[in-house]
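Presented below is the structure to which this report refers.
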Number of protein chains: 2
Amino acid sequence: MTGQVRTVDGRVAGRRGQATRQKLLECLSEMLSTSPYRDVKVIDVARMAGTSPATFYQYFPDVEGAVLELAEEMAKEGATLTDLVAGRNWVGKPAWAAAEDLVEGFLSFWRKNDAILRVIDLGAAEGDKRFYRIRMKILNAVTNSLTDSIKELQDKGRVDKWVSPAAVAGSLVAMLAAVAAHQKGFQSWGVKQAELKPNLALLVHLGVTGKKPTK
Amino acid sequence: MTGQVRTVDGRVAGRRGQATRQKLLECLSEMLSTSPYRDVKVIDVARMAGTSPATFYQYFPDVEGAVLELAEEMAKEGATLTDLVAGRNWVGKPAWAAAEDLVEGFLSFWRKNDAILRVIDLGAAEGDKRFYRIRMKILNAVTNSLTDSIKELQDKGRVDKWVSPAAVAGSLVAMLAAVAAHQKGFQSWGVKQAELKPNLALLVHLGVTGKKPTK
DNA sequence: CGACTATCTGACGTTGTGTCAGTTTCTCTG
DNA sequence: CAGAGAAACTGACACAACGTCAGATAGTCG
């Protein structure tokens, strides 16, 4: 373990230090969900946390650095997503349940962490390796597991040989992430929240098994 | 038509004004594709355009305002996407071709405009109605057309009744957008660019028709 | 040319950044 | 429990960017 929370100048932080650091992260998180990323300022975060900007800089090099920290924190928790796909059976009725659970879990995870996730997405899209790595870390569990499932079906001849399990899995996961990020957007296509889930599950099921689900 | 390019204080811009305004937009675009959105500064854009910041503020209220302009500009051009889906036949072999063309066109459009598009995506995800509207405008053509195609198949009994055409179409389009935004990302799942396209087309085909394609 | 308008910009007050030296607060030992 | 030493915090500062406005400059037309 790397463990050990450190200040910017390399010192190891003690109890009190950890606490303010954490508080700063919380306020940053709050800030991110209430104002556009571009407008999040060190000075505001510090003010909200009841400290001075100088204190902020003791723990983080800049806003981006703190965001990365927040992201890393969430990525750890995001290991939850593994449970949504681990050891699932993608044949017959269980497959439909698997698809439904995956969609449900994914959407709710995203809804809970939308503010950070959209910043991570931006950073990754901009080509920042650090954000990119974190995005990977979060999605990897799901993607790899789906890839394996598809590969398995493929070996059994239930999925065409020319299909690339990784490409399909990756695309499905990207779809889930994108839909989750723009959940509200769907309402103005006249799509209700409740309606969205089964249709996503359908697409996941189709993608993985190549067949319509048997409910 | 609203037409008429105006300065921030409401005056109508003349020939020279239009030119510098356009130059500023071009430089902004350049800037967006070379540095993170958060770091794009008015002063840099102005410098690059060989003018002063004050001039920038004559034409745009702030960076965001200029980005919106850029986005609107691109959205007009993005009507191209309509051609990818208009009047396509989603049955049999033509369906596969339709899916392939849609994917190809979508990815290349995204690649060409990735810088703005990711900012639009961020703005929309943050709940900014203006960005949201533009994102809509770009995706609407494709989504609506796909929705209609699915509805048609549904009326003919080729797609299950419980399927929501709008939800499926929206999700597929979101998938295309997300994959396009993270095209590079796929390479590290070990997915090659060339491999990606047919697999995306497969997913689109499956989503629209509910069946495996007949190549 | 001269007057009129469109366009540009220097200069400025304000806000935010990032650093450092010095102060405050905590902790632990003698 | 004093007080030394370490940990944590912050005021103050130099610098960068913002956004405004009055005035300078450039273009146009009689």
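Model, not experiment: these values are computed from the prediction.
Classified by interplanar angle (parallel below 30°, tilted 30° to 60°, perpendicular above 60°), the ring pair Phe106(B)/Trp110(B) is parallel. Ring-plane geometry between Trp162(B) and Trp96(A) is classed as perpendicular, the angle between the planes exceeding 60 degrees on a 0 to 90 degree scale with a lower cut at 30.
The side chain of Tyr59(A) contributes an N or O atom lying less than 4.0 Å from OP1 or OP2 of dC9(D). Applying the 4.0 Å criterion to OP1 and OP2 of dT10(D), one finds that Thr55(A) has a side-chain N or O inside that range. Taking 4.0 angstrom as the limit, Thr20(A) places a side-chain polar atom (N or O) nearer than this to OP1 or OP2 of dC9(D).
In terms of heavy atoms, Ala178(B) sits closest to Ala178(A) at CB-CB, 3.6 Å. Between Val142(A) and Leu102(A), the shortest heavy-atom contact is CG1-CD1, 4.0 Å.
The distance between atom NZ of Lys23(A) and atom P of dC9(D), rounded to the nearest whole Å, is 11 Å. Regarding Ile43(B), its CD1 atom lies at a distance of 12 Å from the C1' atom of dC15(D), rounded to whole Å. When the P atom of dG16(C) is taken as reference, atom CG of Asp62(B) falls 15 Å away, rounded to whole Å. Between the CG atom of Leu24(A) and the C1' atom of dT10(D) there is a distance of 13 Å, given to the nearest Å. Between Arg47(A) atom CZ and dG16(C) atom C1' there is a gap of 10 Å when expressed in whole angstrom units. The distance between atom CZ of Phe60(B) and atom C1' of dA17(D), rounded to the nearest whole Å, is 19 Å. The nearest whole Å value for the distance from the CZ atom in Phe56(A) to the C1' atom in dG16(C) is 13 Å. Here the C1' atom of nucleotide dG16(C) and the CZ atom of Arg38(A) are 14 Å apart, to the nearest Å.
Comparing Val12(B) and Ala54(B) by the nucleotide of DNA chain C whose heavy atom lies nearest to each, the residue mapping closer to the 5' end is Val12(B). Nearest-nucleotide assignment on DNA chain D puts the 5′-proximal partner with Thr51(A), out of Val40(B) and Thr51(A). Take the nearest nucleotide of DNA chain D for Thr7(A) and for Tyr57(B): the residue whose nucleotide is more 5' is Thr7(A).
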Using the rule given for side chain to side chain contact (heavy atoms under 4.5 Å, CB included), can you reason through Glu69(A) versus Glu64(A), listing the C-alpha separation, both sets of side-chain angles and the distance that settles it, and then say yes or no? CA-CA 9 Å; Glu69(A) 213 57 39; Glu64(A) 208 187 52; over 6 Å; no
For a side chain to side chain contact (heavy atoms under 4.5 Å, CB included) check, start with the C-alpha distance between Trp90(B) and Arg88(B), then their side-chain angles and the critical distance, and finish with the verdict. CA-CA 6 Å; Trp90(B) 286 93; Arg88(B) 285 309 201 123; 3.8 Å; yes
Please write out the pairs of protein N or O atoms and N or O atoms of nucleotides 23-30 of chain D separated by less than 3.5 Å, giving the distance to one decimal.
none

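Judged by the 6.0 Å distance and 45° axis criteria, Arg38(B) is positioned over the aromatic ring of Tyr37(A).
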